[in-house]
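Counting convention: from 1, in listed order, for ligands and their atoms alike.
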Amino acid sequence: MLNMIDMAQLQFSEVVQAAARIKGVAHRTPVLTSRTADRLTGAQLFFKCENFQRSGAFKFRGAYNALSKFTDAQRRAGVLTYSSGNHAQAIALSASLLGMAAAIIMPHDAPALKVAATKGYGAEVIVYDRYTENREEIGRRLAQQRGMTLIPPYDHPDVICGQGTAVMELIDEVGQLDALLVCLGGGGLLAGSALAAAALSPGCRIIGVEPEAGNDGQQSLRSGAVVHIAVPDTIADGAMVTHLGAHNFAVIERAVDDIVTVSDAQLVAAMQFFAERMKMMVEPTGCLGAAAALNGVVPVEGKRVGIVVSGGNVDLARFARLVA
Ligand SMILES: *Cc1c(COP(=O)(O)O)cnc(C)c1O
């Protein structure tokens, strides 16, 4: 059990420290605008494009931040994690940049591109069945056997604070926001973003967006406790999580205003919009925030709205099938 003192330790100052650690290593990604998107919504939308981040998603920020805090002994033993994809690639790349070994536990049905990229960065991939096996358990066992440090994909203070640097950069670049829409899986990105937005743009409405098929975050925020669900059936493979992390929920509960959901069809429409109008390839999960604005799920008219476009890792064949 985590106690309240653990939770209270997560502060914006740690996002600022994370920004210093990743500086010059992570990309400062562009903030793009679209007159068409603004016309369709009647708002001013600012897209923070983490699909252009190293390894193709914001996850590099949290992974590199966490690994750069390792002691010499931890570096020698290496890092272990479980992930359905983007955190795996982020840990694998960060470990190779920092000269340490990485072992990644991945689901047997993870997108082929993500498995190939993870191996390409030099990590060892260990496959498990996400419907019958418990990855946390496998992770704990392997970490103990090998002496490796486990860095989970979202439920970790250094991961959360690293992820918060994207919204820190966004507000630094465009100024005060009325609302911020953030893709939500386990809550690393949302919790970090909330720490940054609450400190840098007070009064900004902070909204998490998750797939309709898995609204555990929405249920959790409304009920005041972490709600567990079955693995959701959605095209948003980066948000196929069964529950928010404990560290994540502690921040989300105190700093996030609302959590809304979008359908897979709305995600596909947003992918088409990004491809056709903004010439970018965004993976389904990366479209969660944008889909909420473009489909009127969140009222944005007349507002300045930040949208985190969280990643762009989707194989071409799958991308083509979805947008066709
Ligand atoms: C992991 C991921 C998310 C969800 O992030 P959490 O920190 O788990 O909430 C959203 N989009 C992409 C592209 C991701 O890889």
Ignoring angles and geometry beyond distance, decide whether [X] reaches within less than 3.5 Å of ligand 1 through its nitrogen or oxygen atoms.
{"X": "Gly188", "answer": "yes"}
{"X": "Cys183", "answer": "no"}
{"X": "Asn86", "answer": "yes"}
{"X": "Leu189", "answer": "yes"}
{"X": "Leu184", "answer": "no"}

How close does the nearest protein non-hydrogen atom get to [atom], and which residue and atom is it?
{"atom": "atom 8 (O) of ligand 1", "result": "Gly186 N, 2.9 Å"}
{"atom": "atom 14 (C) of ligand 1", "result": "Lys59 NZ, 2.8 Å"}
{"atom": "atom 5 (O) of ligand 1", "result": "Phe58 CZ, 3.4 Å"}
{"atom": "atom 4 (C) of ligand 1", "result": "Gly185 N, 3.6 Å"}
{"atom": "atom 11 (N) of ligand 1", "result": "Ser310 OG, 2.6 Å"}

Using only heavy-atom distances, determine whether the side chains of Thr261 and Glu210 contain a donor-acceptor pair under 3.5 Å.
no
Less than 3.5 Å apart, any donor N or O on the side chain of Gln53 or Thr29 sitting next to an acceptor on the other?
no
Is the closest basic N to carboxylate O distance between Asp258 and Arg222 below 4.0 Å?
yes
Do the side chain of [X] and the main chain of [Y] share a donor and acceptor less than 3.5 angstrom apart?
{"X": "Asp178", "Y": "Lys303", "answer": "no"}
{"X": "Thr81", "Y": "Ile151", "answer": "yes"}
{"X": "Arg61", "Y": "Ile22", "answer": "no"}

Atoms of ligand 1 less than 4.0 Å from [X] heavy atoms?
{"X": "Gly311", "value": "13 (C)"}
{"X": "Gly238", "value": "1 (C), 2 (C), 3 (C), 4 (C)"}
{"X": "Thr285", "value": "10 (C), 11 (N), 12 (C)"}

So, does Gly187 sit close enough to ligand 1 that a heavy atom of it is under 4.0 Å from the ligand?
yes
Could you walk me through whether Ser201 and Gln176 pass the side-chain hydrogen bond (donor to acceptor under 3.5 Å, both in side chains) check?
CA-CA 5 Å; Ser201 187; Gln176 300 295 295; 3.3 Å; yes
Please report, to 0.1 Å, the donor-acceptor pairs under 3.5 Å made by any side chain of residues 281-289, with sequence neighbours excluded.
unit_1	atom_1	unit_2	atom_2	d
Glu283	OE1	Asn86	ND2	3.4
Glu283	OE1	Lys114	NZ	3.0
Glu283	OE2	Asn86	ND2	2.9
Glu283	OE2	Gly312	N	3.4
Glu283	OE2	Asn313	N	2.9
Thr285	OG1	Asp237	N	3.4
Thr285	OG1	Gly238	N	2.9

How does Glu50 reach ligand 1, by side chain, by backbone, by both or by neither, if only non-hydrogen atoms under 4.0 Å count?
neither
When you look for heavy atoms under 4.0 Å from ligand 1, do you find them on the side chain of Glu283, its backbone, both, or neither?
side chain
Residues in side chain to side chain donor-acceptor pair (under 3.5 Å) contact with Lys69, at least two apart in sequence or another chain
Asp158
All heavy atoms of Val125 vs all of Met106, minimum pair found to be CG1-SD, 3.9 Å
